[in-house]
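Before any comments, here is the structure.
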Protein chains: 2
Amino acid sequence: MTDKRIPDSTVRRLSLYLRFLGEFEASGVETVSSEALAERGGTTAAQVRKDLSHFGSFGKRGLGYSVGALARELRHILGLGRHWNVALIGAGRIGMALFEYGPFRRRGFHISTVFDNDPEKVGQARGDVTIHGMEELAERLKEGHIDLVILAVPATVAQDVLDDVVRAGVTAVLNYAPTQLRAPEHVALRSVSMLLELEALSYALSRQRSA
Amino acid sequence: MTDKRIPDSTVRRLSLYLRFLGEFEASGVETVSSEALAERGGTTAAQVRKDLSHFGSFGKRGLGYSVGALARELRHILGLGRHWNVALIGAGRIGMALFEYGPFRRRGFHISTVFDNDPEKVGQARGDVTIHGMEELAERLKEGHIDLVILAVPATVAQDVLDDVVRAGVTAVLNYAPTQLRAPEHVALRSVSMLLELEALSYALSRQRSA
DNA sequence: CGCATCTTGTGAAGTCTTTCACAAATCAAC
DNA sequence: GTTGATTTGTGAAAGACTTCACAAGATGCG
């Protein structure tokens, strides 16, 4: 009922459900059925119930789920009640776009430290943080109690930087560099690649055109 | 052997294999085994062979795959031989970071048109393209022979813009707005959400901490 | 209260994806 | 040309995820 290995797809859907619950809450709805959540998210009611059932039973038969209560549960399951201390490595265009992206902070992801290896940038202030040189990485990651690192560096150096990050004891990394990285088992590593997504679309397009 | 429904996971891995082949090529290797590709990509040799077998047989038993030939095949399968005409909607921070991201063009994705609804921005030039107002959307999408749209607009208007895009006949969309969008069956729609990824990491972190 | 209606939670069935395991193909060496 | 060492391509088995379908709990109404 709880624990065990949860499919990654389930975790992602939980995030979506949480988003939808926010919308329902904003529009004054107090109760939702699995059917309503499914319709909003392009999935099925059974899927919604199965996803939730991995973690407990949060609904009332005949009634559905309390919007507020379920949102609280999901936030708890996803670890979103708390404040995560984030470091951004790479203050280039993508890095800074991420840095200035509002919703992160609103959800509890607080970018408290920024690194870059460009001497021009080191020392500059961005909002309320200062850009640090890469030589300070190990020390600052440890002493800053960083929970999570966002990697926005060129592909060529990504693996090296990741190794440093892991060595400094960080166990969660979100990678934006377009390269396949390796990390020890105990480190949660996710990669986002715009190229990969575009290529999947390119595949779909070719399919469409030749059909 | 060819065609049929290909798992999305397979398509994504093909993109990865192509990346690795580029690396192998750069380092002068002429032949790779499924084992070598698997090791590089964190999967298994059987998986690599199965993935490729959906599209044909490209290797030589006892030898492996020719790096150059397999790369060509993959580019063809993924539709990357050609030039895709891309429109970017939304010239905000994320939009412009995408616009200036070099690798797109190198892979054949050419952003030829940019839209934004901010009167301040409309008319300005960015590189060799001019930012157009949203009222020109329908006409320019059609006449510009746009294959693919990148959506980088606020979540609140994303669905409306998507509807316009679909109505203009575009059949492939990459969405960066943090909202769940709906499109007709025949439209290939993918969404990238940094928040979703971060939340999955947050889940993993909670797991780690409580274990 | 009893009956009709609704909606959850969940085993069981079904479907999709990955892994296994081995015959067949290729090459080198003797 | 036969043997030995490789490595592919692929049915079959195993595993993972999704969908089905229904009992059980909850509510409202006469």
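Just so it is clear, the model here is predicted, and its values are computed rather than measured. These values consider heavy atoms only, across backbone and side chains, with no hydrogens, waters or symmetry-generated copies. Note on naming: letters A, B, ... go to the chains in the order of the sequence lines (proteins, then strands), and numbering restarts at 1 for each one.
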query = Under a 4.5 Å cut-off applied to non-hydrogen side-chain atoms, are B:Val153 and B:Phe115 in contact?
reply = no
Touch class at under 4.0 angstrom, heavy-atom based, for A:Ser34 against every strand present = sugar-phosphate
request  = In whole angstrom, give the distance that lies between atom CZ of B:Arg49 and atom C1' of C:dC22.
outcome  = 11 Å
query = With distance as the sole criterion, is a donor-acceptor pair present between the side chains of A:Arg49 and A:Ser34 under 3.5 Å?
reply = yes
message = How would you summarise protein contacts on nucleotides 13-18 of chain C per nucleotide, using B for base, S for sugar-phosphate only and - for none, with heavy-atom distances below 4.0 Å?
response = ----SS
ask   = Less than 4.5 Å apart, any side-chain heavy atom of B:Leu14 and any of A:Tyr203?
value = no
task = State, with a plain yes or no, whether a side-chain heavy atom of A:Asp163 is found less than 4.5 Å away from one of A:Val165.
result = no
Distance in angstrom units between B:Leu52 CG and D:dG9 P, rounded = 7 Å
query = C:dG9 phosphate, OP1 or OP2: any side-chain N/O from A:Tyr65 under 4.0 angstrom?
reply = yes
inquiry  = I need the CZ-C1' distance between A:Phe58 and C:dT10, as an integer number of Å.
reply    = 15 Å
key: Rounded distance in Å - CD (B:Glu35) to C1' (C:dT19)   = 14 Å
ask   = Nearest of D:dC20, D:dA23, D:dT10 to any side-chain atom of A:Ala46?
value = D:dC20
